[in-house]
2 protein chains.
Amino acid sequence: MAARGFAGLTLRAVAAELDATTGLLTHYFPTKQALVRYALDLLDQRTASRPRRHTGAGLAALRDALLDILPLTPEATDSNRIWVSSWDTALSDPDLSTDYGRKYANGRARLTERVAAAQELGELPPGDPARIAAGAQSFVLGLVVQALFDPAAFPPQRQVEMLDDYLATLSAAR
Amino acid sequence: MAARGFAGLTLRAVAAELDATTGLLTHYFPTKQALVRYALDLLDQRTASRPRRHTGAGLAALRDALLDILPLTPEATDSNRIWVSSWDTALSDPDLSTDYGRKYANGRARLTERVAAAQELGELPPGDPARIAAGAQSFVLGLVVQALFDPAAFPPQRQVEMLDDYLATLSAAR
DNA sequence: CCATTCACATAACAAGCGTTACGGCAATGT
DNA sequence: ACATTGCCGTAACGCTTGTTATGTGAATGG
């Protein structure tokens, strides 16, 4: 799956992957678009329900949430690879596109809560928490992309360092 | 081109776009991969040679470079859309993938110069300029993605505000 | 215990893909 | 003016794609 990209995702390839035939797939999904939609929802749901870090409250909780996104493990790298690859398909399909927009908005909303909590604790300076959350999401998202294209330049340790740098400047500014 | 995504980029579609046939394309490009490679290089080169902002030195120059990346105009949005869509293809092809990694490394190198210059002027606190540049690139890259999926939530003005917020926290931290 | 339904494999289909072969027409050089 | 070269349109090829139709064996239910 992660090998040939989203463009190489064919019904027969999927069928072969789970030792079945196209008959099974067409039996459960009326069309390929439905299958893709389901697969993407599954990916989203699976990454949402996987074991999360939880090392503390406030700023530490925000850091946990952001670390959970980064490709720090091979599995997380694969997930991110599929995820980034799906952007091509998503941008081509208006419905999927708005769907993605909503998912990212949800992600920002969850981050916003943690930003606000960190502000309560005085770990982050005041300011619109939604805006700070959007900035943090941007930072992590871009770091994901760069790490995928140049893993050697962005090993896990470096990613964590960069995130911590970012959070440090965020909390130092006032 | 920007309409049907990178997956829908077919020889016949390209030929139709420039009122020609597949014969012309196969005459100039031995294979489709060569055509794609050329197109991506062209996109990279074109965005590199387009008119750039130049409002000042130091931190202002860094801000200019980052603003040049963001989808603040319809044309820049189209370019970014194609660019993001191409990531699927790029991640599937190891050669293209390392090529992209190199391009981003070059981008970071250019940003690094500006970061260093801003540090010289005392507009940015000391610290490894390469790391700061990588962070800035991450931030902008992620902002591009979010803006593409949710243009309503990230209008040009908001993008600029977010970038300025980021640069402000960067320069305020010490 | 038989009839019915369901799950799925098999196979075929048209459409679209990248690629190749070929032919004509215009430019070029002598 | 004629031969030659090369640009590029036309058309075909083989292959893969998503989708559909049909068959078959197992499960289900009365």
Side-chain angles (χ1 to χ4, degrees), chain A residues 1-46 78-79 81-100 103 149, chain B residues 1-46 78-79 81-100 103 149:
Chain A
M1 269 206 210
R4 311 210 49 77
F6 222 83
L9 195 84
T10 170
L11 288 186
R12 285 165 179 83
V14 173
E17 190 73 20
L18 36 84
D19 286 324
T21 62
T22 65
L24 184 148
L25 296 176
T26 60
H27 186 70
Y28 287 104
F29 301 98
T31 176
K32 186 193 177 181
Q33 195 179 60
L35 171 67
V36 169
R37 244 171 248 271
Y38 172 79
L40 291 178
D41 274 340
L42 194 72
L43 178 66
D44 184 55
Q45 176 186 342
R46 184 165 303 187
D78 282 349
S79 286
R81 236 185 70 68
I82 298 175
W83 180 43
V84 171
S85 289
S86 74
W87 288 345
D88 181 25
T89 306
L91 283 173
S92 307
D93 182 342
D95 292 345
L96 257 183
S97 199
T98 60
D99 207 48
Y100 267 50
K103 282 178 184 173
F149 276 114
Chain B
M1 269 207 208
R4 310 210 49 79
F6 224 82
L9 195 85
T10 172
L11 287 186
R12 288 167 176 82
V14 173
E17 190 72 21
L18 38 82
D19 287 322
T21 63
T22 65
L24 182 149
L25 295 176
T26 61
H27 185 71
Y28 287 104
F29 301 97
T31 176
K32 185 192 176 180
Q33 196 179 61
L35 171 66
V36 169
R37 245 172 248 272
Y38 172 78
L40 290 178
D41 274 340
L42 194 71
L43 177 66
D44 184 56
Q45 177 185 342
R46 183 164 305 188
D78 282 349
S79 286
R81 238 185 69 70
I82 299 176
W83 180 43
V84 171
S85 288
S86 75
W87 287 346
D88 181 26
T89 306
L91 283 172
S92 308
D93 181 343
D95 291 345
L96 256 183
S97 197
T98 60
D99 206 49
Y100 267 50
K103 282 178 185 173
F149 277 115

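Chain A is the first sequence line, chain B the second, and so forth, proteins listed ahead of strands; every chain is numbered from 1.
- Looking at B/Tyr100 and B/Leu40, their side chains come closer than 4.5 Å, going by heavy atoms from C-beta outward.
- Taking atom CG of residue A/Leu11 and atom P of nucleotide D/dT17, one finds them 9 Å apart after rounding to whole Å.
- To the nearest 0.5 Å, the span separating CG on A/Leu9 from CD1 on A/Ile82 amounts to 9.0 Å.
- Residues A/Asp41 and A/Gln45 form no side-chain contact, since every pair of their non-hydrogen atoms from C-beta on lies 4.5 Å or further apart.
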Polar atoms only, N or O, under 3.5 Å: list the protein pairs with nucleotides 8-13 of chain C and their distances.
unit_1	atom_1	unit_2	atom_2	d
C/dC8	OP2	A/Tyr28	OH	2.1
C/dA9	OP2	A/Thr21	N	3.4
C/dA9	OP2	A/Thr21	OG1	2.6
C/dA9	O5'	A/Thr21	OG1	3.3

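- C/dG18 atom P lies 9 Å from atom CG of B/Leu35, rounded to whole Å.
- To the nearest 0.5 Å, atoms CG (A/Leu24) and CG (A/Leu11) are separated by 11.0 Å.
- Inter-residue side-chain proximity for A/Asp88 and B/Thr89 is flagged as unmet; no heavy-atom pair is nearer than 4.5 Å.
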